[in-house]
Amino acid sequence: MAGRRPAPAALIVLLLAAAFAPISSAVRPVSDAHRSAAAELFAPSADGSFGDLERTYEAVRTFQILGLEKYKSVTGKACKFAADKLAAPASSATKDLFHAARISGVLGCSVDAGVYDGVVARLKAVIKDTNSLLEFYYSVGGLLSIKEQGHNVVLSDAESTFHAIKALSQSDGRWRYDTNSAESSTFAAGIALEALAGVVALADAEVDPSMVGVVKNDIVKLFDTIKSYDDGTFYFDEKHIDATEYKGPIMTSASVVRGVTSFATVATGKLNIPGEKVLGLGKFFLGIGLPGSAKDCFNQIESLSFLENNRVFIPLILSLPSKVFSLTSKDQLKVEVTTVFGSAAPPLKVNLVQVLGSDSKVITSENKDLQFDLDNNVHYLDIAALKIDVGKYSLVFEISLKEQEHESVYATGGRNTENVFITGLIKVDKAEIGISDNDAGTVESIQKLDLLKDTKVSLFANHLQKLRLSFQLTTPLGHTFKPHQVFLKLKHESNVEHLFVVPGSARQFKIVLDFLGLVEKFYYLSGRYDLELAVGDAAMENSFLRPLGHLELDLPEAPEKAPRPPAQAVDPFSKFGPKAEISHIFRSPEKRPPKELSLAFTGLTLVPFIGFLIGLMRLGVNLKNFPSLPGPAAFASLFHAGIGAVLLLYVLFWLKLDLFTTLKYLGFLGIVLVFVGHRTLSYLSSVSTKQKTA
């Protein structure tokens, strides 16, 4: 492989990014990163609002669960928004009343009992007249929220309402939205279960236990439709439903989690749901990472809050703070087992039961107990005790609760598999480079290389010879190491580059470049070639890009139709760089006249001015006719001052001003002189006329 290629350094960077990408996407409990994301996704508008009532509830509920102080700062505006809607129940939609009541419950808003009486009456009326699952959900949810705020709310016809909602269920555990709907929905099943839980909580008497038992069986059927990934993640999604009603896995799974956990709270006995499926739902929501939308963020955080404390199973999440370990640094394998929100788990034991290679081959099945650090709440094991080499591995852990009564409360999922990456220093030895003859293969020159240090070799070859390079790579445990990328680059002095993959065998890496077969690929370019070797792998802590020296290559002259070297890329920013220095010799100045002669001619220029002064004296110039009255005297003074200003302007033009600037000022002074001169001369003329008539 030859020709222009990406730089080896860039290839190594891409390799490292690709190797660590799947490892970095770990399932971790809720952290400050989720809090920062929520604060950003639910940022209020300029007027301090979040939009409609639904989005406002999702914002304040998310802030409340995450313990963000930000939700307290919006209490006043959100409470007023909810109170205004609750104060006019007759003109408000059931959905709006539902969200307004929940906002009031989250923020503890102060609402008059009379206002709530009106809302309760409106919601009860809706329950009697509707056959829509959504209307049942909003009405029952609104009533339950009002009751949880201390208001006395009782649903007297709870059992009939329970039957009306149950009538919309299907045999597979899913629900229809109303009696006219042909399709059933998993999302609808979640809101139906939440509505049924609300009916039981609002009932003034015990709901028929047999009906509750039927719903519990429906939940078991619903969980039979759950989907899963190979890593133990479980989620719900719609089967066949109209595109306009499709909610997606996050909303659908969130709806089921809310409904099932709510129903488990009011139902007697325990739901027959496998713990690994509840744990898988927790992994699903945590596996989302940081959501990209406010709706997904709300569904993720609220669902996890229901899983954090419920009567079905509380999932315990096994996670690794770090999934990359160094044999050189003798890192410890640390394992955390917490709830989805990072709370401490009950007393338990963590065992490493199996280590699998990247090809799923069993490396070891030796059972190793992890020690527990009570201060840091982590289980740990020295990575050296595993006796594994560099590379990718899958570690299989087993969690066992120490107290038997906890087994019905917490879900551990049995075995948990985590992918890890082991790095270390790779030994590079037996490196040699040399030139050999093309036919006999005898080596003319061979040099030893130390590839972990700067090496500079100087080689000479012609087109009838070969370049040979070989070396060995060994892991810390003495096994042959095969990195993902090994390249040899030859760069001509004209910047034409050639990149070659160095093949590896079971014992060594070796490349032989036969220049006779490469003359066309080298474009018949003789001269100096810089040699550079790149060896890179994500597991290799001492990956390197090493200059080896140079090769003076003598190739034959290029035939007439030989391929030409490719045009070299031009840096688009090179035009902004420093320019070449301009060398210029100015001509010698002309010979100037003597200083005395220049001064003499300067004096001659003053002769007209002197003549002007003499003329004034001979004419007997005086100020006898200068006006004595204040007004004419002012105009006469301005006239003489203007003449002086014009003379000064001539001097400035001679010294520094350009022609256009001088003309601009002269035009202004000319207008002033015409005006004041006319007034002055008119006054003198009138005085002279009066004297003659007298």
Side-chain angles (χ1 to χ4, degrees), residues 1-12 15 428-473 480-537 543-559 562-566 568:
M1 181 173 65
R4 286 192 60 83
R5 297 290 189 274
L11 294 173
I12 292 175
L15 170 68
V428 186
D429 57 1
K430 297 184 179 180
E432 297 178 345
I433 190 170
I435 302 296
S436 65
D437 292 335
N438 195 29
D439 297 328
T442 57
V443 179
E444 289 189 355
S445 61
I446 187 170
Q447 298 186 41
K448 302 286 186 180
L449 298 175
D450 186 352
L451 295 179
L452 297 180
K453 298 180 180 179
D454 290 336
T455 304
K456 299 294 183 182
V457 298
S458 181
L459 301 174
F460 300 88
N462 57 42
H463 67 288
L464 299 177
Q465 294 178 308
K466 299 178 181 179
L467 173 67
R468 298 176 181 270
L469 172 66
S470 63
F471 54 91
Q472 290 184 354
L473 300 176
T480 300
F481 181 70
K482 292 186 177 181
H484 283 89
Q485 298 193 4
V486 185
F487 296 101
L488 175 65
K489 185 174 75 171
L490 280 72
K491 183 177 181 180
H492 190 255
E493 53 193 346
S494 63
N495 290 329
V496 177
E497 296 180 357
H498 305 277
L499 200 63
F500 300 91
V501 175
V502 181
S505 64
R507 301 181 61 184
Q508 67 175 353
F509 286 85
K510 182 178 180 180
I511 186 171
V512 178
L513 297 182
D514 186 352
F515 295 122
L516 183 60
L518 294 173
V519 288
E520 285 194 4
K521 291 184 180 297
F522 277 56
Y523 308 109
Y524 295 89
L525 292 176
S526 299
R528 178 185 173 118
Y529 285 83
D530 292 326
L531 305 176
E532 194 173 61
L533 179 65
V535 179
D537 192 277
S543 298
F544 58 84
L545 179 64
R546 185 77 62 200
L548 303 180
H550 70 276
L551 167 69
E552 291 289 342
L553 187 58
D554 183 16
L555 299 179
E557 293 292 331
R564 305 299 299 171
Q568 298 301 303

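Just so you know, these numbers use all the heavy atoms, side chains as well, and skip hydrogens, waters and symmetry mates. Bear in mind that the values here come from a model prediction, so they are computed numbers and not experimental data.
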message: For Tyr529 and His498, take the angle between the two ring planes, folded into 0 to 90°, and tell me which bin it lands in: parallel under 30, tilted 30 to 60, perpendicular over 60.
response: tilted

task: State the CD-OG distance between Glu552 and Ser526, to the nearest 0.5 angstrom.
output: 10.0 Å

- prompt: Does the side chain of Ser470 reach to within under 4.5 Å of the side chain of Lys430, using non-hydrogen atoms?
  reply: no

query: Any ion pair linking Arg546 and Asp454 (charged N to carboxylate O, less than 4.0 Å)?
result: yes

field: Residues that Tyr524 engages under ring pair (Phe, Tyr, Trp, His ring centres under 6.0 Å), provided they are two or more places apart
entry: none

message: Is there a side-chain contact between Phe481 and Asp537 in this structure, where contact means two heavy atoms from C-beta onward sitting under 4.5 Å apart?
response: yes

- request: Would you mind reporting whether Leu548 and Leu488 have side-chain heavy atoms less than 4.5 Å apart?
  value: yes

- request: Apply side chain to side chain contact (heavy atoms under 4.5 Å, CB included) to Thr480 and Arg507, showing your working.
  value: CA-CA 7 Å; Thr480 300; Arg507 301 181 61 184; 6.0 Å; no

query: Tell me, do Val502 and Val535 make a side-chain contact under 4.5 Å, heavy atoms counted?
result: no

task: Assess whether side chain to side chain contact (heavy atoms under 4.5 Å, CB included) is satisfied between Phe471 and Leu449, documenting all intermediate values.
output: CA-CA 9 Å; Phe471 54 91; Leu449 298 175; over 6 Å; no

query: Of all heavy-atom pairs between Pro483 and Gly536, which one has the smallest distance, and what is that distance?
result: CB-O, 3.6 Å

- prompt: Can you say whether the rings of Phe460 and His550 are parallel (under 30°), tilted (30 to 60°) or perpendicular (over 60°)?
  reply: perpendicular

statement: Here the gap from Phe544 atom CZ to Leu451 atom CG, rounded to the nearest 0.5 Å, amounts to 4.5 Å

- request: Answer yes or no: is there a donor N or O on one side and an acceptor on the other, between the side chain of Thr455 and the main chain of Asp450, under 3.5 Å?
  value: yes

message: Show, in sequence, the C-alpha distance, side-chain angles and deciding distance for Glu532 and Lys491, and conclude whether the side chain to side chain contact (heavy atoms under 4.5 Å, CB included) test is met.
response: CA-CA 8 Å; Glu532 194 173 61; Lys491 183 177 181 180; over 6 Å; no

Side-chain touch Pro547/Asp530, heavy atoms, less than 4.5 angstrom: no

- prompt: Quick one: does Leu467's side chain get under 4.5 Å of Phe515's, heavy atoms only?
  reply: yes

- prompt: Rounded to the nearest 0.5 Å, how far does CG of Leu551 lie from CD1 of Ile433?
  reply: 8.0 Å

message: Is it the case that atom CD in Glu520 sees more than 12 heavy atoms from other parts of the structure closer than 6.0 Å?
response: no

- request: Check Gln465, His463, Lys466 against Leu516 for a side chain to side chain contact (heavy atoms under 4.5 Å, CB included) and give me the one that passes.
  value: His463

- line: On a heavy-atom basis, the closest approach of Pro563 and Tyr523 is O-CD2, 3.7 Å

task: Taking the side chain as every heavy atom from C-beta outward, state whether Leu533 and Phe487 have any atom pair closer than 4.5 Å.
output: no

message: Leu459 vs Gln447, test: side chain to side chain contact (heavy atoms under 4.5 Å, CB included). Steps then yes/no.
response: CA-CA 10 Å; Leu459 301 174; Gln447 298 186 41; 3.6 Å; yes

task: With the side chain counted from C-beta on, respond yes when His492 and Arg528 share a heavy-atom pair under 4.5 Å apart, and no when they do not.
output: no

